[in-house]
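Nothing fancy with the numbering, it's 1 onward along the sequence.
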Amino acid sequence: MKNIKIGACDWALPGSGLYATQIAASVGLDALSLKIGLYENDYPITQPEMQKIYLSEQQKYGIEYCAIALNDFDNIPMHARKGTKEYDIVWDLLKRAVSTAKALGVQIIQVPGFAASEVKTEEDMEHSARAFQYLCDAAGEAGISVAGENLMTPDEFKKIHQMVDRKNFYLYFDSQNYNVFRGYSETDILEGLYPYMCNQLHVKDGDVMSGGLLGSGPCDFFSTIDWLDKHDYTGYILLENYYDQLPLRLQDENPYELLRQDIAILKKAIQTA
């Protein structure tokens, strides 16, 4: 594979994001996806003071910030109905996400659609599509794209893609989620949705979420990399294994060593694809 940048999700690194930029540089990564934080903490990275720290760290260590993940949508439904407290939180977060992405020079706002934000009804899809439209319009003015990460089948994602109807709206692919949560074939999802993908994706493995080094689980990680290579994928591949959490940390007492092992596995897979 050519023109690939290797990075990680800051919440997956040892310390769950603390000193992520420094850690990423120490192990030779190119980029980071940053979590926006939680409502309970007033979304720390949206604050100008915190943004100055991140920009200073970026200048010092040379790590690109390639995405901002709206991780609190696991807890607060993106499709919250008007008139509810959750609705007000969602729309405040959407606005903050755009200004934060602009401030940090991030190219993609990644929107998870799991747990509280999973689309289960037609009405959920309609409300989610409306939120995506706002994000795409506001972010698009600054050349920023929006990508939804979810468990939708190809037909389901194509439907919401048509509803959003914005050129800067994409799918954010993940190499484990579809298999571990739905039993889907990851390459079948790629066959159906590759034209809708952004130039970033997450990789992880294991029998449980982020629970095994790449290639060790049932997700057929190497076939996914081979598929992407055959279809000339270029862009970012971001590690999302949880190196200091159970059960993965049981494989080595040093989570940083696990991180280095995963980087080596990923680099070899890219080189030999």
**OP:** Please round to the nearest 0.5 Å and tell me the distance separating atom CZ of Phe221 and atom CG of Leu266.
**Re:** 5.0 Å
**OP:** Give a yes-or-no answer on whether the side chains of Asp92 and Tyr39 include a donor-acceptor pair shorter than 3.5 Å.
**Re:** no
Original post:
Can we say Arg96 and Asp42 salt-bridge, meaning some charged N sits less than 4.0 Å from an Asp/Glu carboxylate O?
Top reply: yes
**OP:** Please report the shortest heavy-atom distance between Pro255 and Pro14, naming the atom on each side.
**Re:** CB-CG, 3.9 Å
**OP:** Give the intermediate values and the outcome of side chain to side chain contact (heavy atoms under 4.5 Å, CB included) for residues Ser145 and Gln107.
**Re:** CA-CA 6 Å; Ser145 297; Gln107 60 182 270; over 6 Å; no
**OP:** For the pair Phe73 and Phe114, evaluate ring pair (Phe, Tyr, Trp, His ring centres under 6.0 Å) and give the outcome as yes or no after the intermediate values.
**Re:** CA-CA 8 Å; Phe73 281 160; Phe114 312 106; over 10 Å; no
Subject >> Distance in Å, Ile4 CD1 paired with Asp229 CG, rounded so as to fall on 0.5 Å steps >> reply: 8.5 Å
Subject >> Glu86/Arg81 ion pair, N-O < 4.0 Å >> reply: no
Using a 3.5 Å cut-off and no angle test, enumerate the donor-acceptor pairs between side-chain atoms of residues 152-159 and protein atoms at least two apart in sequence or in another chain.
unit_1 : atom_1 : unit_2 : atom_2 : d
Thr153 : OG1    : Glu156 : N      : 3.2
Thr153 : OG1    : Glu156 : OE1    : 3.4
Glu156 : OE1    : Thr153 : N      : 2.9
Lys159 : NZ     : Glu122 : OE1    : 2.7
Lys159 : NZ     : Glu122 : OE2    : 3.4

**OP:** Just say parallel, tilted or perpendicular for the rings of Trp11 and His202, cut-offs at 30° and 60°.
**Re:** perpendicular
**OP:** State plainly whether one hydrophobic cluster holds both Leu34 and Leu238, where clusters connect Ile, Leu, Val, Met, Phe, Trp and Tyr through side-chain heavy atoms under 4.5 angstrom apart.
**Re:** no
Original post:
When rounded to the nearest 0.5 angstrom, what is the spacing between NZ in Lys60 and CG in Leu55?
Top reply: 14.5 Å
**OP:** Would you mind reporting whether Leu104 and Gln58 have side-chain heavy atoms less than 4.5 Å apart?
**Re:** no
Original post:
Have Gln110 and Glu149 got a donor and an acceptor in their side chains that come within less than 3.5 Å?
Top reply: yes
**OP:** Output, in order, the C-alpha distance, side-chain angles, deciding distance and verdict of side chain to side chain contact (heavy atoms under 4.5 Å, CB included) for Val106 and Ile144.
**Re:** CA-CA 7 Å; Val106 168; Ile144 298 168; 5.7 Å; no
Subject >> Side chains of Asp205 and Pro218 in contact at under 4.5 Å (non-hydrogen atoms) >> reply: yes
**OP:** Is it possible for you to say whether Val180 and Leu171 belong to one hydrophobic cluster, with membership spreading through side-chain heavy-atom contacts below 4.5 Å?
**Re:** no
Original post:
Taking the six-membered ring for Trp, are Tyr196 and His161 parallel (under 30°), tilted (30 to 60°) or perpendicular (over 60°)?
Top reply: perpendicular
Original post:
Going by atom types only, do Asn179 and Tyr184 share a side-chain donor-acceptor pair under 3.5 Å?
Top reply: no
Original post:
Does Cys66 offer a backbone N or O that forms a donor-acceptor pair with the side chain of Gln200 under 3.5 Å?
Top reply: yes
**OP:** Let me see the working for Leu201 and Leu228 under side chain to side chain contact (heavy atoms under 4.5 Å, CB included), right down to the final yes or no.
**Re:** CA-CA 11 Å; Leu201 59 94; Leu228 292 166; 3.7 Å; yes
Original post:
Under the criterion ring pair (Phe, Tyr, Trp, His ring centres under 6.0 Å), which of Tyr178, Tyr233, Tyr236 is the partner of Phe173?
Top reply: Tyr178
**OP:** For the residue pair Val111 and Tyr172, establish whether any side-chain heavy-atom pair is separated by less than 4.5 Å.
**Re:** no
Original post:
Does Tyr242 belong to the same Ile/Leu/Val/Met/Phe/Trp/Tyr cluster as Leu13, with side-chain heavy atoms less than 4.5 Å apart forming each link?
Top reply: no
Original post:
Okay, side chain of Thr224, backbone of Ser175: is any donor-acceptor separation there less than 3.5 Å?
Top reply: no
Subject >> Donor + acceptor pair across side chains of Tyr61, Ser26 (<3.5 Å) >> reply: no
**OP:** Decide yes or no for Leu135 and Val98: does some side-chain heavy atom of the first lie under 4.5 Å from some side-chain heavy atom of the second?
**Re:** yes
Original post:
Hey, does the side chain of Asp10 reach the backbone of Ser16 with a donor-acceptor pair shorter than 3.5 angstrom?
Top reply: no
Original post:
Are any of the side-chain heavy atoms of His79 and Glu126 separated by less than 4.5 Å?
Top reply: no
**OP:** Quick one: closest heavy-atom pair of Leu94 and Ala131, and the distance?
**Re:** CD1-CB, 3.9 Å
Subject >> Side-chain donor/acceptor of Ser128 to backbone N/O of Asp124, under 3.5 Å >> reply: yes
Subject >> Within-4.5 Å side-chain heavy-atom neighbours: Val164 and Cys136 >> reply: yes
Original post:
When you look at Tyr43 and Thr100, which way does the side-chain hydrogen bond (donor to acceptor under 3.5 Å, both in side chains) test go after all the steps?
Top reply: CA-CA 10 Å; Tyr43 302 116; Thr100 302; over 6 Å; no
Original post:
Mind checking whether Ile189 and Leu214 sit in one hydrophobic cluster, side chains of I, L, V, M, F, W, Y counted as touching below 4.5 Å?
Top reply: yes
**OP:** Carefully, step by step, assess Asp262 and Tyr243 under the rule side chain to side chain contact (heavy atoms under 4.5 Å, CB included).
**Re:** CA-CA 9 Å; Asp262 240 7; Tyr243 301 102; 2.6 Å; yes
Original post:
Sub-3.5 Å donor-acceptor pair from the side chain of Tyr134 to the main-chain atoms of Trp91, do we have one?
Top reply: no
**OP:** Give a yes or no on this: more than 12 heavy atoms of other residues, nucleotides or ligands lie within 6.0 Å of atom CD of Glu40.
**Re:** yes
**OP:** State, without any angle test, whether Glu186 and Trp227 hold a side-chain donor-acceptor pair at a distance under 3.5 Å.
**Re:** no
Original post:
So, do Val146 and Tyr170 sit near enough that their side-chain heavy atoms are less than 4.5 Å apart?
Top reply: no
**OP:** Determine, for Asp226 against Lys230, whether the closest basic-nitrogen to carboxylate-oxygen distance falls under 4.0 angstrom.
**Re:** no
Subject >> Approximate separation, where rounding is to 0.5 Å, of Ser210 OG and Glu240 CD >> reply: 5.0 Å
**OP:** Heavy atoms only: give me the nearest Pro112-Ser117 pair and the separation to one decimal.
**Re:** O-CB, 3.9 Å
**OP:** Kindly compute the distance separating CD1 (Ile237) from CD1 (Ile270), expressed to the nearest 0.5 Å.
**Re:** 4.0 Å
Original post:
Which heavy-atom pair separates Ala80 from His127 by the least distance, and what is that distance?
Top reply: O-ND1, 4.1 Å
**OP:** Taking all heavy atoms of Leu213 and all of Asn241, pick out the closest pair and write down the distance.
**Re:** CA-ND2, 3.9 Å
Subject >> ILVMFWY network linking Leu32 to Leu259, side-chain heavy atoms under 4.5 angstrom >> reply: yes
Original post:
Of the non-hydrogen atoms in Gly37 and Pro44, which two are nearest, and what is the gap between them?
Top reply: CA-CD, 4.1 Å
**OP:** Would you mind reporting whether Tyr256 and Ile23 have side-chain heavy atoms less than 4.5 Å apart?
**Re:** yes
**OP:** Could you grab the distance from atom CG of Leu93 to atom CE of Met78, nearest 0.5 Å is fine?
**Re:** 9.5 Å
